[in-house]
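Counting convention: from 1, in listed order, for ligands and their atoms alike. None of these values were measured; they are calculated from a predicted model.
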Amino acid sequence: MPTVYLNGTYLPAEEACVSVMDRGFLFGDGVYEVIPAYGGRLFRLDHHLQRLQDSLDGIRLDNPLSDDAWRGILDEVLERNRDRAGADNDQSVYLQVTRGSAARRDHAFPEQTTPTVFVFSNPITAPDPLIATRGISAITLDDIRWQYCNIKAITLLPNVLLRQQAADHNAAEALLVRHGRVIEGSASNVFVVREGVILTPPRSEQMLPGITRDLVLELAEQHALPYGETDIQADSLRQADEIWVTSSTREIVPVTRLDGAEVGDGRPGPAWKTVIGLYRDYKEAVRNGTQDQGL
Ligand code: PDD
């Protein structure tokens with residue numbers, strides 16, 4: 001049984017209980033982060049904590065903990081669940097902060113509540129080797145979400161419905177289209193490669209500023225790979241040489257079928273091979289402690 005952290009206590013997951021009056025439960029009134037840790041070392045923690053702060057600001061909730069306190073809790077949860085992870089000790093940590101519980105159900109913020117803080121970790125399983133040879137299928141769907149998708153809110157019902165719609169079509173991801181432009185995936189950011197140039201939509205309130213996305217751009221810059229941040233018209237997706245989706249848990253995944261048609265030659269492309277190589281080198285350097293993460 002995994003050990004979780006809940007409001008100041010480490011305890012077995014089955015014993016962790018949250019009030020039915022918690023605003024996370026009643027309203028989805030909270031935010032979250034998912035942070036990978038390789039060999040026990042948290043990946044880009046400072047970026048995740050900054051995004052957490054931005055999400056909390058976005059929902060007008062004070063951060064209940066300092067960065068140091070967050071780091072201490074995340075490290076402790078990883079350590080306590082080490083025996084559940086494989087020999088490489090790769091885990092992903094989930095943290096959630098809700099506005100806490102109040103005596104009455106009222107949409108407006110309660111006067112005084114203590115936020116609920118919850119953290120757990122899961123072993124990360126190595127990416128399916130078939131992804132490197134075959135890639136995944138995706139479908140395009142209308143983006144039915146709200147206007148503040150830059151906030152990593154726990155209110156994920158639209159994302160859940162969209163991802164399930166993809167699954168119903170035997171696709172691993174839904175690419176979301178708003179006003180004719182592809183924005184991101186249901187739980188990932190999106191890249192396309194056109195004539196050797198790596199392209200992704202610019203940051204906006206319509207999408208989550210992905211930590212993996214930003215690292216891909218950073219690696220492209222460092223290694224002088226041509227890249228750009230630009231709007232991507234949904235009807236130009238079919239002409240893309242490559243499409244990728246990125247996230248902390250899935251890294252960089254080539255999309256080789258879109259809406260039932262092949263992307264490029266239907267196999268993971270050369271730009272993906274280059275970038276996933278750079279990403280894995282970076283990840284190994286984090287694991288070995290040789291990558292300066294500015295912590
Ligand atoms: N989701 N866009 C959305 C809507 C997401 O939910 C995610 C990640 C991303 C990628 O962000 P990052 O690279 O920081 O993981 C983009 C996480 C993994 C989840 O909900 O489980």
Show the distances, to 0.1 Å, for all pairs joining an N/O atom of ligand 1 and a protein N/O atom that are shorter than 3.5 Å, listing one pair per line.
residue	atom	partner	partner atom	Å
ligand 1	1 (N)	Lys152	NZ	3.2
ligand 1	2 (N)	Glu184	OE1	2.7
ligand 1	13 (O)	Ile211	N	3.4
ligand 1	13 (O)	Thr212	N	3.0
ligand 1	13 (O)	Thr212	OG1	2.6
ligand 1	14 (O)	Arg51	NH1	2.8
ligand 1	14 (O)	Arg51	NH2	3.1
ligand 1	14 (O)	Ile211	N	2.8
ligand 1	15 (O)	Ser248	N	2.8
ligand 1	15 (O)	Ser248	OG	2.7
ligand 1	20 (O)	Tyr32	OH	2.6

What do the steps show when you test Val192 against Glu242 for side-chain contact (heavy atoms from CB on, under 4.5 Å), and what is the final call?
-> CA-CA 6 Å; Val192 303; Glu242 301 181 29; over 6 Å; no

What residues, two or more places apart in sequence or in another chain, satisfy ring pair (Phe, Tyr, Trp, His ring centres under 6.0 Å) together with [X]?
X      : result
Phe27  : His107
Phe191 : Trp244
Tyr227 : none

Specify the closest pair of heavy atoms between Arg99 and Arg60, including all atoms of both residues, with the distance to one decimal.
->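 Of all heavy-atom pairs spanning Arg99 and Arg60, the closest is NH1-O, 3.2 Å.
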
If the plane angle is over 60° it's perpendicular, under 30° parallel, otherwise tilted; pick one for Tyr38 and Phe43.
->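 The rings of Tyr38 and Phe43 stand perpendicular, inter-plane angle above 60°.
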
